[in-house]
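Input: a single structure, listed below in structure tokens.
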Amino acid sequence: RRSWLGTTVASSLWVLSGSFLAWPLADMYFGPKLCELALRRGRARGGGEDDEAGLEATTSAEARRAFDEAVSARRPCAYVSLRTATSCHDLLFAFVQGIYSAEAIGWLGVAAQSMGVWWIVLFDFVMGSDQATTRAVNFSVLLQHLKRACANTDRPLIVIDHFDLAARRLAGRDDDDLDARVLKRMLCHLLSWATALAADLRLATVLFGFERQPSLFARRTEPKARLAALLDDDRG
């Protein structure tokens, strides 16, 4: 007869190995598919085929209003608030909560967010103590899921609100602060991704919401210059 300890160890190994095997399936199919379902808010089709793609900046109030109007018009859409993005970890999970929205797809969104936490724990265990880099890797994967979902959806609206709050939190942080350096790279990657999605691929409208000075964003074209303008304005 099996001992309690042997059963526990065997079950733990089964769960761990199953999680690692499930990751490629989640990355290839289930992640983008859930993202697509959340964009459509559980509907089969409908919405943004007549809407134009583009990259825009406005105030946070207008960004939220645009999202509410898209929901009312049954246009595919997602809303991500960066108000709580004070670190690499928080930026990642702001996106997890936004693009796998429980408000949009109910318990499926909750399940996706929970699995995201579990896989983050596994990545931390495998990669060691460099948690900031782990968050950046998973952030890139998450953006790819959203990009593939947009490609299968009729020109959705992606609202990324309070972007300047996340950027301004970098001001004054130490140059040898690993989390700050990686957070800056993640924000630059987000800007580059949004520019490619909206301007190059024409797959979506990406709307950045700002608490103040959206014109600083609009006057620049390069992602690094846009981020630098926000940081310089905050220091001034």
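All values below come from the heavy atoms of this structure, side chains included, with hydrogens, waters and symmetry mates left out.
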Legend entry - Full working for side-chain contact (heavy atoms from CB on, under 4.5 Å) between Val182 and Arg185: CA-CA 5 Å; Val182 177; Arg185 290 202 299 269; 3.3 Å; yes

Inset, instruction - Would you check, one step at a time, whether the test side-chain contact (heavy atoms from CB on, under 4.5 Å) holds for Cys88 with Gln131? - result: CA-CA 9 Å; Cys88 297; Gln131 295 184 0; over 6 Å; no

Inset, instruction - On the 0 to 90° scale, with breaks at 30° and 60°, tag the Phe67-Tyr79 ring pair as parallel, tilted or perpendicular. - result: tilted

Inset, instruction - State the OG1-CZ distance between Thr59 and Phe210, to the nearest 0.5 angstrom. - result: 11.0 Å

Inset, instruction - Any chance you could measure Glu69, atom CD, to Arg75, atom CZ, to the nearest 0.5 Å? - result: 11.0 Å

Legend entry - Smallest separation among heavy atoms of Ala53 and Arg202, with atom names: O-NH2, 3.3 Å

Inset, instruction - Begin from the C-alpha positions of Arg41 and Arg74 and carry the test side-chain contact (heavy atoms from CB on, under 4.5 Å) through to its verdict. - result: CA-CA 9 Å; Arg41 308 189 80 73; Arg74 299 175 65 87; over 6 Å; no

Legend entry - Residue pair Leu91 / Thr84, side-chain heavy-atom distance below 4.5 Å: no

Inset, instruction - With side-chain contact (heavy atoms from CB on, under 4.5 Å) as the test, would you mind laying out the steps for Arg83 and Asp161 before giving the verdict? - result: CA-CA 8 Å; Arg83 187 182 290 279; Asp161 205 359; over 6 Å; no

Legend entry - N-O pairing of Arg64 and Asp68 below 4.0 Å: yes

Legend entry - Distance in Å, Thr195 OG1 paired with Leu55 CG, rounded so as to fall on 0.5 Å steps: 5.0 Å

Legend entry - Closest heavy-atom pair and its distance - Cys150, Pro156: SG-CG, 3.6 Å

Legend entry - Value rounded to 0.5 Å, distance of CD1 in Ile160 from CG in Leu190: 4.5 Å

Inset, instruction - With Leu146 as reference, evaluate Leu203, Ile158, Val80, Leu197 under the side chain to side chain contact (heavy atoms under 4.5 Å, CB included) test and give the passing residue. - result: Ile158

Legend entry - CE-CZ distance between Met186 and Phe139, expressed to the nearest 0.5 angstrom: 5.0 Å

Legend entry - Pairwise distance CG(Leu37) to CG(Asn152) - rounded to 0.5 angstrom: 12.5 Å

Inset, instruction - Kindly indicate whether the side chain of Val159, heavy atoms from C-beta on, has any atom under 4.5 Å from the side chain of Cys77. - result: no

